Each structure stands twice: as C-alpha cells, then as structure tokens.
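This report concerns only the one structure given below.
Each chain gets a letter, A, B and so on, in the order the sequences are listed, and its residues count up from 1. Predicted model only: the values in this text are computed from it and were never measured.
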Amino acid sequence: MNRKIWQKLKCSQSELQLKVSLTGGQSFRWKIGSLPEDNFIDESYIGVMGNCVWQFRQTENDLLYRVLGELKNDSSNYYNQVRMKISIPTVVDKKKSKKKTSVMDDTKLFHSLDYYESLLRAYFRFDVNLSECYAEWSKHPHFKTESDKFYAIRVLDQDPVENLFSFICSQNNHISRISSLVEKLCKNYGPKICDLNGVAYHAFPNFDELMDAKVEQELRNESFGYRAKFIQRAAVEINDKGGLDWFQKVQNMSYKDAHAELVTLTGIGPKVADCICLMSLNHLEAIPVDTHVLKLATEHYLPKGREIKSMTPKLYNEIGDAFRQVYGPLSGWAQTVLFCADLVKFKEGKSKENGAKKKRKK
DNA sequence: AGCCTACCTGGGTC
DNA sequence: AGACCCAGGTAGG
C-alpha cells in the first residue's frame, strides 16, 4: 500500500461536512491545502491526528484519505495507548528497518488499511448516525432553522492531551491566533513526523515535554502571554495526578465528576473543562458556555426578561442544564452545531459590516 | 455567592 | 499615526 494512493471510506455528505467539522473551532490543526502535484479541483484538508499527517477530501458518497507521513515510533499515540480501543496490527518490514531511510522517502504505510480506517471511524465518531440526531434535535425550532445551513457537523473524538492544552490557549483569543499558538507548541516540543514541500509537520507533544520550569519563559517569548504559565503548571499538575492514567480515569468518571476534576488544574475553568469533556473525554452532555453560547441561551433557551450582569457558576450550570433538557444525552453535539452556525454568522456579519464601510468610503 | 479587575497579544476600527 | 476595542476565559481578590 502506497501513501500516494487515495483510500475511500463510504460516507455520504449528509453524514459529514468536512469543512466545518475540521476547521470550525474544535481542532486547530487542520488547514485547507494540497500538494503541488495534486490535480483535483475540490478542496482538500491537511493536518495531524493520531501521529499521522492526513489529507482528506470528500465526494458525494465517500470520504477520501491519504496518510502522507507518520511517526515510526507511535507508542505515544493516544488511540493506542490511552484509549486502547484499537489493537494495532503493525506491519513489520524487516528490510526497511535495516536500511536507514528518512521518513520523507518512505512511501509505504506502516500499518494495515484496517488500522487507518479504525482511526478515522473513532475520530469522526462514525458510530453515531448524525441524520437521526439532526431529525431529533430539529424538534426544537431554533435548531431547525440553524441546521439547514449547517448540516452534518460532527463532534471529533480528539486526543485529550492536545485538546486540553489547545483550549488553555483558546481563552480570550481568536481561532487564527489559537491555531498559531498550537502550531508553536508542536513545532517546539512535539516530535517531527515529516517534511512536505519544505513544511515540517509535527505531532502534538506529550505533556511531560511541557513540565520544565523554563517552559513558561520560552512560551512567553513565543507570545503566549499569560497562558504560558497555565500551560507549564497544568503539565506538572497532570503529571502529579498520574499522567495518562489520570486521563483514563477522568474519562471513566461521570460527566459532573470529570468536570470537577478538570477545573482543579491551573488555567482550566468551567468553559475549557467542558470543551475537554465533550471533545476528548467522551462526555457528550458537556456544554461549553462561552460568550456566543451565552447569547444563544438568553435568546432561545432561558426565560425572557432576565437581566444578566455577569457569568456566575450558577448561571453557567443553568445554561448547560437548559441545553441538556432540550437535546438529551448528546446535547453537547447539538450545541456544537449551533455554536458553529453562530460563529460563521458572526464572521459573515463582520465582513458585511466591513464591506458596507468600504463602500461608504468610496 | 456574586462581582470586579488584571492579564498577553495581534488584528481591526476610528 | 496612535489610542482603543475585542477575542470561544481564568485566577485572585
């Protein structure tokens, strides 16, 4: 099997919209892009997941994928080590291991095709039938009006380590800057996977790479601002709590207990804790309440006429409960769809404003 | 318990 | 040109 050959995974467009699922603010590692030799006209996405560099695109009935590069030593791969959902049929190529070839020249995949498919099924949560979910959630009028445009947005099942540190970076920030900070973490502390057209692709570092006291200053020099301290401290605290075993434990707790455990870490408050619960610890009833969701909640989910001065823990819980009441056990997924819809509308609104202003200037 | 303020940085507005 | 505002918040008072 060759890296250059596109593989197919059957998947209709009503079950997956790649664009918003990958770039709508859940993960910060997917970029629209292609290789110079690519000669298709549709959009493709390149990014790192599960210690592999992937390229994705989509046809009417299939998800197309290639693995452009991967870490040879993937013992730190969370899908293997932390989740242990997948048994790995590693392809051992004795000839290759004797020869000292760089990863870049290696055109052969390290694992069986089943392995990569299993990764994708887990990552995109293909066990969830999304059309059925949308039908159920559309019983609420707000979801029904929003979902026409924002179809088939999937909640990704991400690596908890990457997810946790990425969302520490997310506070008080735009997606574009969050992405650049996450890239810096990978570039400076993560193992390099391969080079493609002069661009180096790195896996996300393990938390133990971020523990050293000097990391805070290094990150400040890289313009992380006050998040630098949170990252370094959280890494130490995770280690003290048991590292990867701790992530496993938190995943197995009830949602409420997992949330309580996460907020004990420096730099993780209620909102980021819910992001982690929802996106990488399998607690799909978690509702991250940020400024956008607060707005949605007051407009559509809370009793009207209430004056809101600030976000208190009590109000935070009320909003989460209101969404859980309406959307049930996968309410965090429904909330993600609404959030993406609101985010895109917010952006469009801004660009319209700007367009109008430019016109006025003329 | 609720409310306030400081916190880094980069991009946009006026 | 140079304040000022804001962005998927959190800690500490």
Next item on the list: Quick one: label A:F339 by what it contacts on the DNA or RNA (base, sugar-phosphate, nothing), any heavy atom closer than 4.0 Å.
Entry: base
Which label fits [X] and [Y]: parallel for a plane angle under 30°, tilted from 30 to 60°, or perpendicular past 60°?
X: A:Y226; Y: A:F230; answer: perpendicular
X: A:F339; Y: A:H292; answer: perpendicular
X: A:F247; Y: A:F207; answer: tilted
X: A:H140; Y: A:H142; answer: perpendicular
X: A:W137; Y: A:W333; answer: tilted

Enclosure of [X] [atom1] (heavy-atom neighbours >12, cutoff 6.0 Å):
X: A:E299; atom1: CD; answer: yes
X: A:K229; atom1: NZ; answer: no
X: A:K187; atom1: NZ; answer: no
X: A:K31; atom1: NZ; answer: yes

Measure [atom1]/[X] against [atom2]/[N] and give the value in whole Å, please.
X: A:M311; N: B:dA1; atom1: CE; atom2: C1'; result: 15 Å
X: A:H174; N: B:dT9; atom1: NE2; atom2: C1'; result: 9 Å
X: A:I175; N: B:dG10; atom1: CD1; atom2: P; result: 18 Å
X: A:I168; N: B:dT9; atom1: CD1; atom2: P; result: 18 Å
X: A:E216; N: B:dC7; atom1: CD; atom2: C1'; result: 13 Å
X: A:D290; N: C:dT10; atom1: CG; atom2: C1'; result: 14 Å
X: A:L181; N: C:dG9; atom1: CG; atom2: P; result: 14 Å
X: A:I178; N: B:dC8; atom1: CD1; atom2: C1'; result: 14 Å

Margin query: Return whichever of A:N172 or A:S176 has its heavy-atom-nearest nucleotide of DNA chain B closer to the 5' end.
Written below: A:N172
Note to self: If you assign each of A:K184 and A:Q171 to its closest nucleotide in DNA chain B, which residue comes earlier from the 5' end?
What the structure shows: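 Result: A:Q171.
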So which protein nitrogen or oxygen atoms get under 3.5 Å of nucleotides 3-5 of chain B's nitrogens or oxygens?
from	atom 1	to	atom 2	distance (Å)
B:dC3	OP2	A:S310	OG	3.3

Going by atom types only, do [X] and [Y] share a side-chain donor-acceptor pair under 3.5 Å?
X: A:D321; Y: A:Y301; result: no
X: A:E218; Y: A:N188; result: no
X: A:R125; Y: A:N282; result: yes

Next item on the list: Output yes when A:K4 and A:E37 qualify as a salt bridge under the 4.0 Å nitrogen-oxygen rule, no when they do not.
Entry: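 A salt bridge is absent here (no side-chain N lies under 4.0 Å from a carboxylate O).
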Checklist line | Short N-O contact, A:E216 and A:R233, less than 4.0 angstrom | finding: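 No, no charged N to carboxylate O under 4.0 Å.
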Margin query: Counting Watson-Crick and G-U wobble pairs with both distances under 3.5 Å, what is the dot-bracket string for DNA chain B, 5' to 3', using [ ] for crossing pairs and | for pairs to another strand?
Written below: ..|||||.||||||
Margin query: Just checking A:Y116 against A:Y123, ring centres under 6.0 Å apart?
Written below: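 Aromatic pair excluded; centres sit 6.0 Å or further apart.
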In whole angstrom, give me the gap between the [atom1] atoms of [N] and [M].
N: C:dG8; M: B:dT5; atom1: P; answer: 23 Å
N: C:dC4; M: B:dA6; atom1: P; answer: 15 Å
N: B:dG11; M: C:dT10; atom1: C1'; answer: 23 Å

Item checked: Residue A:R177, side-chain atoms from C-beta onward, closest of B:dC8, C:dG9, B:dG2 -> B:dC8
Check: Who pairs with A:I32 by side chain to side chain contact (heavy atoms under 4.5 Å, CB included), at least two apart in sequence or on another chain?
Finding: A:K19, A:E43, A:Y45
Next item on the list: Identify, residue by residue, the members of residues 220-243 of chain A with a heavy atom below 4.0 Å from DNA chain B, and return them in order of residue number, or none.
Entry: A:R220, A:S223, A:G225, A:Y226, A:R227
Notebook entry, point to check: Taking DNA chain B as the partner, which of residues 254-272 of chain A come within under 4.0 angstrom of it by heavy atom?
Noted result: none
Note to self: Under 4.0 Å, heavy atom to any atom of DNA chain C: which of residues 25-33 of chain A qualify?
What the structure shows: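 Correct list: A:G25.
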Notebook entry, point to check: Should A:I175 and A:L343 count as side-chain neighbours, where that means a heavy-atom distance under 4.5 Å?
Noted result: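 A:I175 vs A:L343: side chains touch.
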